[in-house]
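Since we're looking at a predicted model, the values are computed, not measured. Starting from 1, each residue takes its place in the sequence as its number.
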Amino acid sequence: MEFKDIHIGMKCGSKKGSGTVTWIDGSTRTIYMADTENNNSFEVDFEEIIEDPQAHNREDRYY
């Protein structure tokens, strides 16, 4: 996945958890996401995004 492929509203998995992309900072390559379970916001570096077509939650269950 390339950085340019990330867009607002996209569901992503990361080492910090899964969420929906709410903001993208191109200058620092930081992606801000809202947690899928409780809507808390968190940030991850682009390198922390997990390249998996299925977003997964903290318990690693697939849907």
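Phe3 approaches Ile24 most closely through the heavy-atom pair CZ-CG2, 3.4 Å. The two residues Ser14 and Met33 come nearest to each other via the heavy atoms OG-CE, 4.1 Å. Among all heavy-atom pairs drawn from Lys16 and Glu43, the shortest one is NZ-O, 2.9 Å. Nearest heavy-atom pair, Phe46 versus Glu2, reported as atom, atom and distance to 0.1 Å: CZ-C, 3.6 Å.
Under the side chain to side chain donor-acceptor pair (under 3.5 Å) criterion, Thr20 pairs with Lys11, not counting sequence neighbours. Residues satisfying the salt bridge (charged side-chain N to carboxylate O under 4.0 Å, His left out) test with Glu47, not counting sequence neighbours, are Arg29. Evaluation of the side chain to side chain donor-acceptor pair (under 3.5 Å) rule for Ser27 yields Asp25 as partners, not counting sequence neighbours. The side chain to side chain donor-acceptor pair (under 3.5 Å) test applied to Ser41 returns no partner, not counting sequence neighbours.
By the 4.5 Å heavy-atom criterion applied to side chains, Thr30 and Asp45 are counted as neighbours. Between Val21 and His7, every side-chain heavy-atom pair lies at or beyond the 4.5 Å cut-off.
For the atom pair CD1 of Ile49 and CD1 of Ile31, the computed distance is 4.0 Å after rounding to the nearest 0.5 Å. Atom CG of Asp5 sits about 7.0 Å away from atom CE of Met10, to the nearest 0.5 Å.
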